[in-house]
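Just below is one structure, and these are the notes that go with it.
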Protein chains: 2
Amino acid sequence: MAEPSGRTFSETDEEIMKATYRALREYGYADLTIKRIAAEYGKSTAAIHYHYDTKEELLAAFLDYILNRFVASIREIETTDPEQRLTVLLDKLLVAPQENPDLSVALLEMRSQAPYNEAFAERFRQNDEYVRYLVKAVINHGIDENAFADVDADRVTRSLLTIVEGARTRSVVFDDVSEYERARATAEEYVDATLRRVDA
Amino acid sequence: MAEPSGRTFSETDEEIMKATYRALREYGYADLTIKRIAAEYGKSTAAIHYHYDTKEELLAAFLDYILNRFVASIREIETTDPEQRLTVLLDKLLVAPQENPDLSVALLEMRSQAPYNEAFAERFRQNDEYVRYLVKAVINHGIDENAFADVDADRVTRSLLTIVEGARTRSVVFDDVSEYERARATAEEYVDATLRRVDA
DNA sequence: CATTTTTGACTGACTAGTTAGTAAGTTCGG
DNA sequence: CCGAACTTACTAACTAGTCAGTCAAAAATG
């Protein structure tokens, strides 16, 4: 499984990414302008255009930047016990957005643009594939170790990610962080009903 | 439980709503302009402004229009058997967007704007409350009739709606209509695990 | 080693295009 | 002939992107 975008950023590029990040959290995606990114960067708009020809190019780079960080954060998981590992993984998927609501809002805006922006679509798709790969691996590992019931790992993975996605969207639309807590409970219930072995 | 917005539309207003609907499906929310709505309406932009002072006002009216239609479509359900009724209800929630992908995309865009637009937020919230009320009523009815196990109806309802929301978002972001089918299966599994009485 | 040249990273001023919204005048049915 | 439903023409604001020129530091040159 290919890791998503091994792209690296120069120090200057990273500062622009950070400026974009701040502008995005402050104004949201719909009201994100080069001018505002430049203001956060502390330079002129032409300075931004010097590094990135178009806004689209910059935003594609930004998605690489932010999704790389996200992937790095879930790759940190060290636990090897399948059951625990699955819990930690779901936690990461649900707690990260909870801790940064403004970014979650902006990311949903960007996700909603995927149908109009192939660069966005590709990056989100690749990220999702990677997350799916990780979750599925944990489940398969659990099945192998007889910790989980012999389920269709792909199917269970997709169900869990649908629950996660639902919680993300609802927390943004209804401005309700408790959706994450609820989703964790739902996922837990779902895991209990499908994965938990009774013989344990 | 208050029914969402009993707002009515004059014939002229309805034509503008239909024009907005077409423009939205064609260009998406981010690229929706008064000019484009006017073009679909077949009149000048000033004609639109004659009926709606601001774009925001028009879009709030449009949300009333489209959410009213949605509510009307789920109020049609006649089945009384709780189990069947729940299935039909979930079907409506999942099949409607499947049959109109362009609108689903635009609606996700609008949902993602809720944090910046109180009028949007209020309408989506009200709509969600109504749907939640309906689903919860079916579940409670099923519990009363001993068709379902004695669960926390509110909790189960929220879980089901999270699954529905997740499927909607994923189908838009990943341009994959099969997410709905999968979500239906997940919901079914979830219902089986939590609601189905073994004694039946 | 001193000087010239090149280059990377910018700035300030600009353009062309688009946007929501306005104002004044026109058309037309009851 | 009045008022509802427009039209045409406009404005002010904002947008991404361009362009010519600046400036310091690195590289090349004599």
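No experiment lies behind these values; they were computed from the predicted model shown. Below, each value reflects all heavy atoms present in this structure, side chains not excepted, and no hydrogens, waters or symmetry copies. The sequence lines fix the lettering, A, B, ..., with proteins before strands; numbering per chain opens at 1.
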Partners passing salt bridge (Lys or Arg N to Asp or Glu O under 4.0 Å) against Glu179(A) (at least two apart in sequence or in another chain):
Arg170(A)
Within residues 13-30 of chain B, find the residues that approach DNA chain D with a heavy atom at under 4.0 Å, and present them sorted by residue number.
none
Partners meeting side chain to side chain donor-acceptor pair (under 3.5 Å) with Glu188(B) (sequence neighbours left out):
Arg196(B)
Set of side chain to side chain donor-acceptor pair (under 3.5 Å) partners for Arg182(B), sequence neighbours left out
Ser178(B)
List every contact pair, protein side and nucleotides 17-24 of chain C side both N or O, where the distance is under 3.5 Å.
residue : atom : partner  : partner atom : Å
dA20(C) : OP1  : Lys55(B) : NZ           : 3.0
dA20(C) : OP2  : Ile34(B) : N            : 3.2
dG21(C) : OP2  : Lys55(B) : N            : 2.6

Side chain to side chain donor-acceptor pair (under 3.5 Å) with Glu118(B): which residues, sequence neighbours excluded?
none
Side chain to side chain donor-acceptor pair (under 3.5 Å) with Asn117(B): which residues, sequence neighbours excluded?
none
Go through DNA chain D in 5' to 3' direction and return only the first and the last nucleotide with some atom under 4.0 Å of chain B's heavy atoms.
dA4(D) to dT8(D)
In residues 24-41 of chain A, what donor-acceptor pairs under 3.5 Å come from side-chain atoms, sequence neighbours left out?
residue  : atom : partner  : partner atom : Å
Thr33(A) : OG1  : Arg36(A) : N            : 3.1
Arg36(A) : NH1  : Asp31(A) : O            : 2.8
Glu40(A) : OE1  : Arg22(A) : NE           : 3.0

Check salt bridge (Lys or Arg N to Asp or Glu O under 4.0 Å) between Asp154(A) and all other residues, then give those that pass, not counting sequence neighbours.
Lys136(A), Arg158(A)
Can you sort out the partners of Arg69(B) under salt bridge (Lys or Arg N to Asp or Glu O under 4.0 Å), two or more places apart, ordered by chain and number?
none
Sequence neighbours excluded, which residues qualify as salt bridge (Lys or Arg N to Asp or Glu O under 4.0 Å) partners of Lys55(A)?
none
